[in-house]
Engineer: 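This structure is in structure tokens; I'll ask about it shortly.
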Amino acid sequence: QLQLVESGGASVQPGGSLRLSCVVSRGSLEYYAAGWFRQAPGKEREGVSYISMNGHAKNYADSVKGRFTISRDDAKNTVYLQTDSLTTEDTAVYYCAGKRGSGLGWNVYTHVSDYNNWGQGTQVTVSS
């Protein structure tokens, strides 16, 4: 099992950028695929971006393609989400999640139900 701690959320103006970090405080990230999800008030949790265990496969929700970038640094036990050109629609609590990988580690996992390790979330607010 992983223990995940997100940070980097803040209040920013439209067009701004944030880098979210997810540190694995217990366990080893290298054996896990990871994902970033978000949940806005009154809405269901939705997937944002996903990265395979080996780091070579990435996937993005259509709403963030070209604006968000996921990456990982296993030596630092950390997954990142670079968010650029933020809009008010990006306002939400952002969660990172981990799923034990398998095989050569190419799979990405895009559903909330795929993951059994979750952080507590970090708030991103985009407003003028």
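No experiment lies behind these values; they were computed from the predicted model shown. In this chain, numbering begins with 1 at the start of the sequence shown.
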Engineer: Could you grab the distance from atom SG of Cys96 to atom CZ of Arg72, nearest 0.5 Å is fine?
Structural biologist: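 One finds 11.5 Å between SG of Cys96 and CZ of Arg72.
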
Engineer: How would you list, by chain and number, every residue that makes a salt bridge (Lys or Arg N to Asp or Glu O under 4.0 Å) with Arg26, sequence neighbours excluded?
Structural biologist: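 Partners of Arg26 by the salt bridge (Lys or Arg N to Asp or Glu O under 4.0 Å) criterion come out as none, since no residue qualifies.
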
Engineer: Hey, could you give me the CD/OG1 distance between Glu6 and Thr78, rounded to the nearest 0.5 Å?
Structural biologist: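 With rounding to 0.5 Å, CD (Glu6) is 12.0 Å from OG1 (Thr78).
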
Engineer: Sequence neighbours excluded, which residues qualify as side-chain hydrogen bond (donor to acceptor under 3.5 Å, both in side chains) partners of Ser71?
Structural biologist: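 Expected list: none.
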
Engineer: Which residues satisfy the side-chain hydrogen bond (donor to acceptor under 3.5 Å, both in side chains) test with Arg100, sequence neighbours excluded?
Structural biologist: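 If we apply the side-chain hydrogen bond (donor to acceptor under 3.5 Å, both in side chains) test to Arg100, skipping adjacent residues, there are no hits.
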
Engineer: Out of curiosity, Asn107 CG to Asp114 CG, how far, rounded to the nearest 0.5 Å?
Structural biologist: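 Reported to 0.5 Å precision, the distance equals 10.0 Å.
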
Engineer: Applying side-chain hydrogen bond (donor to acceptor under 3.5 Å, both in side chains), can you list everything that pairs with Ser28, at least two apart in sequence or on another chain?
Structural biologist: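 Glu30.
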
Engineer: List, by chain and number, the other hydrophobic cluster members for Tyr95, where Ile, Leu, Val, Met, Phe, Trp and Tyr join if side-chain heavy atoms come within less than 4.5 Å, directly or indirectly.
Structural biologist: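 ILVMFWY cluster around Tyr95 also holds Phe37, Tyr50, Val93, Val108, Tyr109, Val112, Tyr115, Trp118.
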
Engineer: If you round to the nearest 0.5 Å, how far is NE2 of His56 from CG of Leu104?
Structural biologist: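 Result: 10.0 Å between the selected atoms.
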
Engineer: Filter on side-chain hydrogen bond (donor to acceptor under 3.5 Å, both in side chains), then keep only pairs touching residues 119-128, sequence neighbours left out; what's left?
Structural biologist: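 Residue pairs passing side-chain hydrogen bond (donor to acceptor under 3.5 Å, both in side chains), neighbours aside: Gln123-Thr125.
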
Engineer: Does this structure show an ion pair linking Lys76 with Asp74, if we count only N-O contacts that are shorter than 4.0 Å?
Structural biologist: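 Not counted as a salt bridge, because no side-chain N and carboxylate O are separated by less than 4.0 Å.
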
Engineer: Report the residues that fulfil salt bridge (Lys or Arg N to Asp or Glu O under 4.0 Å) with Glu89, sequence neighbours left out, ordered by chain and then residue number.
Structural biologist: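 Salt bridge (Lys or Arg N to Asp or Glu O under 4.0 Å) check on Glu89 returns nothing, list empty.
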
Engineer: Under the salt bridge (Lys or Arg N to Asp or Glu O under 4.0 Å) rule, collect the residues that match up with Asp84, sequence neighbours excluded.
Structural biologist: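 For Asp84, no residue satisfies salt bridge (Lys or Arg N to Asp or Glu O under 4.0 Å) once neighbours in sequence are set aside.
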
Engineer: What residues, two or more places apart in sequence or in another chain, satisfy salt bridge (Lys or Arg N to Asp or Glu O under 4.0 Å) together with Lys43?
Structural biologist: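 Checked Lys43 against salt bridge (Lys or Arg N to Asp or Glu O under 4.0 Å); zero matches.
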
Engineer: Could you tell me which residues satisfy side-chain hydrogen bond (donor to acceptor under 3.5 Å, both in side chains) with Asn54, sequence neighbours excluded, listed by chain and number?
Structural biologist: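 Asn54: side-chain hydrogen bond (donor to acceptor under 3.5 Å, both in side chains) contacts with Ser52.
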
Engineer: I want to check something: taking the side chain as every heavy atom from C-beta on, are Gln82 and Ser17 in contact at a cut-off of under 4.5 Å?
Structural biologist: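 Yes, at least one pair of side-chain atoms sits under 4.5 Å.
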
Engineer: Between Thr110 (side chain only) and Gly47 (backbone N and O only), is there a donor and an acceptor less than 3.5 Å apart?
Structural biologist: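 Not confirmed, Thr110 side chain does not pair with Gly47 backbone.
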
Engineer: Drop me the distance from Arg67's CZ to Ser49's OG, to the nearest 0.5 angstrom.
Structural biologist: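 Going from the CZ atom of Arg67 to the OG atom of Ser49 covers 12.0 Å.
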
Engineer: Run through the side-chain heavy atoms of Ile, Leu, Val, Met, Phe, Trp and Tyr, join any pair under 4.5 Å, and report what else lands in Leu20's cluster.
Structural biologist: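 Listed partners: Leu2, Leu4, Val12, Leu18, Val24, Leu29, Tyr31, Tyr32, Trp36, Val48, Ile51, Tyr60, Val64, Phe68, Ile70, Val79, Leu81, Leu86, Tyr94, Val124, Val126.
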
Engineer: With His111, which residues qualify under ring pair (Phe, Tyr, Trp, His ring centres under 6.0 Å), at least two apart?
Structural biologist: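 Expected list: none.
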
Engineer: Could you tell me if the side chain of Arg45 sits less than 4.5 Å from the side chain of Arg38, heavy atoms only?
Structural biologist: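 No, too far: nothing below the 4.5 Å cut-off.
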
